[in-house]
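All of these numbers come straight from a predicted model, not from anything done at the bench. Order of appearance sets the numbers: ligands from 1, and atoms from 1 within every ligand.
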Amino acid sequence: MRLVLIGPPGAGKGTQAAMLSSALGVPHISTGDLFRRHRDLGTPLGREAERYLDAGELVPDAVTVGMVRLRLDEPDARHGFILDGFPRTVPQADGLALLLDESAVKLDAVVEFTAPEDVLVGRLLARGRPDDTEDVVRNRQHVYRRDTAPLLAYYADLLLSVDAVGGAEEIADEVLTRLQAAPQSERRRGR
Ligand code: AMP
């Protein structure tokens, strides 16, 4: 199973990705986690990414796609993955399409998590991560609407939208049920 999870910051993508990863037996790949790990280790990539993370801005597409390429080449990702937080721009989605074409594989679905902005901002401020000051949290919502929301049209024929307000278990169950109910061939019909 090859999935992309899309949703505004605070929608619970990370929690859902972890639950779906264990249910489906494929690795959870979070570009935010990868960037934070590089930053904490002080790698050259981490030093380059740091100012973007601190401002809630997106790391440049070429840097991000290069990092994902390396991660998807690792053996555990050969048979499937859950991408959490990537792609976040149309050029990143084009980059992903090229990577997948090179391996002659396709995405099975793109899952969108939706929630009202006030709920999202409240959740993020409650989480209290060091890069979650109110200005940065609001900026990340703005960046999502500006740069990432266009991906919903880009992936229209693979899209499965799920309400992200509610219990994590129930939401994950709904995603799993709907993945089973709507096989790839059906969602691609009419392309
Ligand atoms: P996240 O944990 O997914 O909210 O990501 C935290 C931060 O990492 C973002 O605010 C960006 O600075 C950076 N980041 C994560 N994923 C991407 C991506 N796909 N493209 C560019 N920057 C990203």
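For the 3.5 Å distance criterion, the side chains of Asp61 and Thr89 qualify, holding a donor opposite an acceptor.
At a heavy-atom cutoff of 4.0 Å, ligand 1 is contacted by the side chain of Thr64 but not by its backbone.
For atom 1 (P) of ligand 1, the closest non-hydrogen atom of the protein is Arg88 NH2, 3.5 Å. Closest to atom 19 (N) of ligand 1 among all protein heavy atoms lies Gly85 O, 2.8 Å. Among all non-hydrogen protein atoms, the one lying nearest atom 6 (C) of ligand 1 is Arg36 NH1, 3.4 Å. In this structure, the protein non-hydrogen atom closest to atom 13 (C) of ligand 1 is Phe35 CD1, 3.8 Å. Among all protein heavy atoms, the one lying closest to atom 17 (C) of ligand 1 is Thr31 OG1, 3.6 Å. Scanning the protein for heavy atoms near atom 22 (N) of ligand 1, the closest one is Val59 N, 3.1 Å. Looking from atom 7 (C) of ligand 1 to the surrounding protein, the closest heavy atom is Leu53 CG, 4.0 Å. Protein heavy atom in closest approach to atom 4 (O) of ligand 1: Arg140 NH2, 2.4 Å.
For ligand 1, the atoms sitting less than 4.0 Å from at least one non-hydrogen atom of Glu57 are 11 (C), 12 (O), numbered in the order shown with element in parentheses. Atoms of ligand 1 lying under 4.0 Å from any heavy atom of Gln92, numbered from 1 in the order shown and given with element: 18 (C), 19 (N), 20 (N), 21 (C). Applying the 4.0 Å criterion to heavy atoms of Tyr52 picks out, from ligand 1, the atoms 12 (O).
Between Arg123 and Asp118 there is no salt bridge, since no side-chain nitrogen of the basic residue lies less than 4.0 Å from a carboxylate oxygen of the acidic one.
Across Arg88 and Thr148, no two heavy atoms sit closer than the pair O-OG1, 2.7 Å. Smallest separation of non-hydrogen atoms from Tyr154 and Ala97: OH-CB, 4.4 Å.
Between the NE2 atom of His28 and the CG atom of Asp76 there is a distance of 12.5 Å, given to the nearest 0.5 Å. Rounding to the nearest 0.5 Å places CZ of Arg39 at 14.5 Å from CZ of Arg51. Ser30 contributes atom OG, which lies 10.0 Å from atom CZ of Phe35 (distance to the nearest 0.5 angstrom).
The side-chain heavy atoms of Phe81 and Leu3, taken from C-beta on, include no pair separated by under 4.5 Å.
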